[in-house]
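Everything below concerns the one structure shown next.
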There are 2 protein chains.
Amino acid sequence: MSSAPLAVTQRLGYLLKHAQLRLAELAEPLYAPLGVTGRQLALLTLFGDGPARSQQDGAARLGVDRTTMVALVDELEAKGLVRREVAPGDRRKRLVLLTPEGERVREAGTEVTRKAEALLLEPLSAEDAERLRAALHQVVRAE
Amino acid sequence: MSSAPLAVTQRLGYLLKHAQLRLAELAEPLYAPLGVTGRQLALLTLFGDGPARSQQDGAARLGVDRTTMVALVDELEAKGLVRREVAPGDRRKRLVLLTPEGERVREAGTEVTRKAEALLLEPLSAEDAERLRAALHQVVRAE
DNA sequence: TATTGTTATACTCTATAACTATA
DNA sequence: TATAGTTATAGAGTATAACAATA
């Protein structure tokens, strides 16, 4: 156990926050032409991937409150990118489904996300970049 | 270039955000007995490390607005952990200096931060943990 | 004129509480 | 009774604009 000063710029909290800020900085200009924010694209990715999910299910996976999810889905619905559908079998639940336009935006967004991530990871070798993603995944998995 | 789905939980934005959430979850209970938040401890680390800094200098390093820094320093001053001092040579600037109590909290906080980081990094080997920190540092440095 | 600190203000993000409808 | 979605509201956190002191 060393007792070096551990300057603020070496702390994981600082590094994670600033990596995130930098990623957002790189990605948002690329998302803008698609007419969506990074947040909205994340929602499209979430609801467009795999079997249909309810709002609550989506909220749980994204780690946000269900009241927050209502507003997020409202935004996407207003843009015509998703629609709500009563879940067959449980009329309390609303499935969130991508419209054809939503599907197009999701696909374009996926490409753009790749590009932004590549820009962020540019200073790393391909191997180190993969290790970074794997390490973060392991650390988060433990939730 | 693969075109796999890149599920939302594999995106760097998601991973960075959730790693940060998890770190905060682990760290805050440890900070609480010290009477400070993680944010406040980061400030103490920033201003307690190296030569005295002005508020503006600190704000720039932390990546926050200077008006935000005013409020943050106010908090620490109210707790008696720092004091402001007019900078010799430029009377517009206020240096932020740790009080003896602030110094004590900073030292205790450093230990606690190490502990929280260790908890977060638990699933990784020591080598992978170091690689993670190094990779984040490289990626952020490019700012 | 420009910069530092400050205040007032507004905006974004998010959660809590209370309601409706379904189960 | 409990759950899903919704609404209204309030609390963080942060930034923009305008001002005083100093350069």
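Chain identifiers are assigned alphabetically (A, B, ...) following the order of the sequence lines, protein sequences preceding nucleic acid strands; residue numbering begins at 1 within each chain. Note that this is a predicted model, so its numbers are computed, not measured.
Screening B/L44, B/L98, B/V82 for a side-chain contact (heavy atoms from CB on, under 4.5 Å) with B/E103, the sole residue that qualifies is B/L98.
Both B/D57 and A/D65 lie close to DNA chain C; mapped to their nearest nucleotides by heavy-atom distance, the more 5′-ward contact belongs to B/D57. Toward the 5′ end of DNA chain D lies the nearest nucleotide of A/D90, the other residue of the pair A/D74 and A/D90 mapping further downstream.
Of the charged side-chain nitrogens involved, at least one lies within less than 4.0 Å of a carboxylate oxygen, so that A/E111 and A/R114 count as a salt-bridged pair. B/K79 and B/E75 are not joined by a salt bridge, as no carboxylate oxygen comes within less than 4.0 angstrom of a charged side-chain nitrogen. Between B/E117 and B/R133 there is a salt bridge, with a side-chain nitrogen of the basic residue lying less than 4.0 Å from a carboxylate oxygen of the acidic one.
As rounded to whole Å, 13 Å separates atom C1' of D/dA21 from atom CZ of B/R66. Between B/L21 atom CG and C/dC13 atom C1' the separation is 13 Å, expressed in whole Å. Whole-Å rounding puts the B/Q56 CD to D/dA23 C1' distance at 14 Å. Straight-line distance from the CG atom of B/L95 to the C1' atom of C/dT4: 12 Å, rounded to whole Å. The separation between A/E75 atom CD and D/dT6 atom C1' is 16 Å, rounded to whole Å. Put simply, CG on B/L72 is 10 Å from P on D/dA15, counting in whole angstrom units. Rounded to whole angstrom, the span from the CZ atom of B/R84 across to the P atom of C/dG5 amounts to 9 Å. For the pair B/Q20 CD and C/dT14 P, the computed distance is 12 Å after rounding to whole Å.
Smallest separation of non-hydrogen atoms from B/D65 and B/A59: O-CB, 4.0 Å.
Among the nucleotides C/dG5, C/dA15, C/dC13, the one closest to any side-chain atom of A/R39 is C/dC13. Considering only side-chain atoms of B/Q55, the nucleotide from D/dA23, D/dA4, C/dT6 that sits closest is C/dT6. Of the candidates D/dA17, D/dA4, C/dT3, D/dA17 carries the atom nearest the B/T67 side chain, counting heavy atoms from C-beta on. Picking from D/dT16, C/dG5, D/dT14 the nucleotide with the shortest atom distance to the side chain of B/T68 gives D/dT14. Distance from the side chain of B/V70 is smallest to C/dT7 among C/dT14, C/dT7, C/dT22.
For the pair A/R92 and D/dG5, the criterion of a side-chain N or O lying under 4.0 Å from OP1 or OP2 is not met.
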